[in-house]
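Take a look at the structure set out below.
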Amino acid sequence: MNWNEINDIEGIDRLKSRSYEVPCLLFKHSTRCEISAIAKYRLESDWSFAPQTLEACFLDLIRHRDVSNFVADTFQVHHESPQVLLIVNGECIYDASHLDIRADEIAEALGTAAA
């Protein structure tokens with residue numbers, strides 16, 4: 001699994017634009033949280049998406065809290081940590097947090113979006 005790191009607000013703008021070409025998953029990770037580490041490990045272990053099917057993006061929200069706040073405002077989601085957002089055509093079509101972050105649920109949401 002190859003993470004594309006997001007470090008600034010421009011990165012979120014690029015992610016949003018890129019989501020018109022390929023769906024993008026944004027993982028908001030807290031490096032101080034055990035649950036976040038578990039969610040990240042589970043997601044990486046179960047990841048079976050081809051890069052042309054789903055692009056994986058990573059945000060360290062401890063180091064980049066301003067970017068995390070921008071994400072909440074831009075995609076109209078309540079801030080959680082850890083959290084994943086599935087972005088398709090510039091819109092968040094699915095989000096999950098904590099131990100609800102699961103690759104099979106992401107795949108299901110992705111399939112629904114493609115239908």
Side-chain angles (χ1 to χ4, degrees):
M1 178 173 187
N2 294 322
W3 291 110
N4 297 313
E5 276 197 59
I6 305 285
N7 298 315
D8 53 30
I9 290 171
E10 290 77 19
I12 298 301
D13 291 336
R14 286 189 299 275
L15 176 149
K16 191 173 180 180
S17 294
R18 178 78 173 131
S19 75
Y20 286 91
E21 299 169 32
V22 62
C24 297
L25 184 80
L26 178 61
F27 181 78
K28 293 172 41 184
H29 177 58
S30 170
T31 55
R32 298 180 190 156
C33 175
E34 275 188 44
I35 292 174
S36 192
I38 292 167
K40 182 176 181 282
Y41 173 79
R42 285 178 26 182
L43 187 58
E44 289 173 336
S45 295
D46 296 339
W47 191 263
S48 61
F49 303 98
Q52 65 273 18
T53 304
L54 183 61
E55 198 166 289
C57 301
F58 177 88
L59 173 63
D60 177 344
L61 62 89
I62 300 297
R63 290 180 48 215
H64 305 289
R65 182 58 190 222
D66 60 326
V67 180
S68 181
N69 291 338
F70 181 77
V71 166
D73 290 341
T74 299
F75 297 111
Q76 299 297 299
V77 295
H78 180 73
H79 166 77
E80 300 271 1
S81 170
Q83 183 176 35
V84 293
L85 286 77
L86 180 58
I87 311 300
V88 177
N89 295 326
E91 302 290 328
C92 179
I93 64 161
Y94 171 84
D95 70 281
S97 66
H98 297 83
L99 297 179
D100 288 336
I101 297 172
R102 296 181 15 208
D104 62 330
E105 294 285 334
I106 294 164
E108 185 177 322
L110 196 57
T112 301

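Numbers for residues simply follow the sequence, beginning at 1.
Residues Leu59 and Phe27 are members of separate hydrophobic clusters, defined by side-chain heavy-atom contacts under 4.5 angstrom among Ile, Leu, Val, Met, Phe, Trp and Tyr.
Around CD of Glu21, the count of heavy atoms belonging to other residues, nucleotides or ligands within 6.0 Å exceeds 12.
Separation of atoms CG (Asn4) and CG (Leu15) is listed at 9.0 Å; rounding is to 0.5 Å. Remark: Ile93 CD1 to Ser19 OG distance equals 9.5 Å, nearest 0.5 Å. Note that CD of Glu44 is 8.5 Å distant from CZ of Phe58, once rounded to the nearest 0.5 Å. Taken from NE2 in His79 to CG in Asn69, the straight-line distance is 7.0 Å, to the nearest 0.5 Å. Distance check: Leu43 CG to Leu25 CG gives 6.5 Å after rounding to the nearest 0.5 Å.
Taking 4.5 Å as the limit, some side-chain heavy atom of Lys40 sits within range of a side-chain heavy atom of Trp3.
Looking at residues two or more places apart in sequence or on another chain, you find no side chain to side chain donor-acceptor pair (under 3.5 Å) involving Glu5. Applying the side-chain contact (heavy atoms from CB on, under 4.5 Å) criterion to Ser17, with sequence neighbours excluded, gives no partner residue. Every side-chain contact (heavy atoms from CB on, under 4.5 Å) that Lys16 has, sequence neighbours left out, goes to Thr74, Phe75. Under the rule for a side-chain contact (heavy atoms from CB on, under 4.5 Å), the partners of Arg14 that lie at least two apart in sequence or sit in another chain are Asp8, Glu10. Trp47 pairs by the side chain to side chain donor-acceptor pair (under 3.5 Å) definition with nothing, not counting sequence neighbours. Partners of Arg42 under the side chain to side chain donor-acceptor pair (under 3.5 Å) rule, at least two apart in sequence or in another chain, do not exist in this structure.
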Show me, pair by pair, the donor-acceptor contacts under 3.5 angstrom made by side chains of residues 81-90, not counting sequence neighbours?
{"unit_1": "Gln83", "atom_1": "OE1", "unit_2": "Lys28", "atom_2": "NZ", "d": "2.9"}
{"unit_1": "Gln83", "atom_1": "OE1", "unit_2": "Glu80", "atom_2": "N", "d": "3.3"}
{"unit_1": "Gln83", "atom_1": "NE2", "unit_2": "His78", "atom_2": "O", "d": "3.0"}

Which donor-acceptor pairs under 3.5 Å do side chains of residues 48-55 form with protein atoms, sequence neighbours excluded?
{"unit_1": "Glu55", "atom_1": "OE1", "unit_2": "Arg18", "atom_2": "NE", "d": "2.8"}
{"unit_1": "Glu55", "atom_1": "OE1", "unit_2": "Arg18", "atom_2": "NH2", "d": "3.0"}

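The salt bridge (Lys or Arg N to Asp or Glu O under 4.0 Å) analysis of residues 61-74, with sequence neighbours excluded, yields no pairs. Sorted by first and then second residue, the salt bridge (Lys or Arg N to Asp or Glu O under 4.0 Å) pairs involving residues 91-100 (not counting sequence neighbours) form an empty list. Counting only residues at least two apart or on different chains, the salt bridge (Lys or Arg N to Asp or Glu O under 4.0 Å) pairs with a member in residues 101-114 are Arg102-Asp104, Arg102-Glu105.
The two residues Ala39 and His98 come nearest to each other via the heavy atoms CB-O, 3.8 Å. Scanning all heavy atoms of the two residues, the minimum distance from Ile6 to Gly11 falls at CD1-O, 3.6 Å.
Summarising the hydrophobic clusters (Ile, Leu, Val, Met, Phe, Trp, Tyr; side-chain heavy atoms under 4.5 Å, direct or chained), the residues clustered with Leu99 are Ile35, Ile38.
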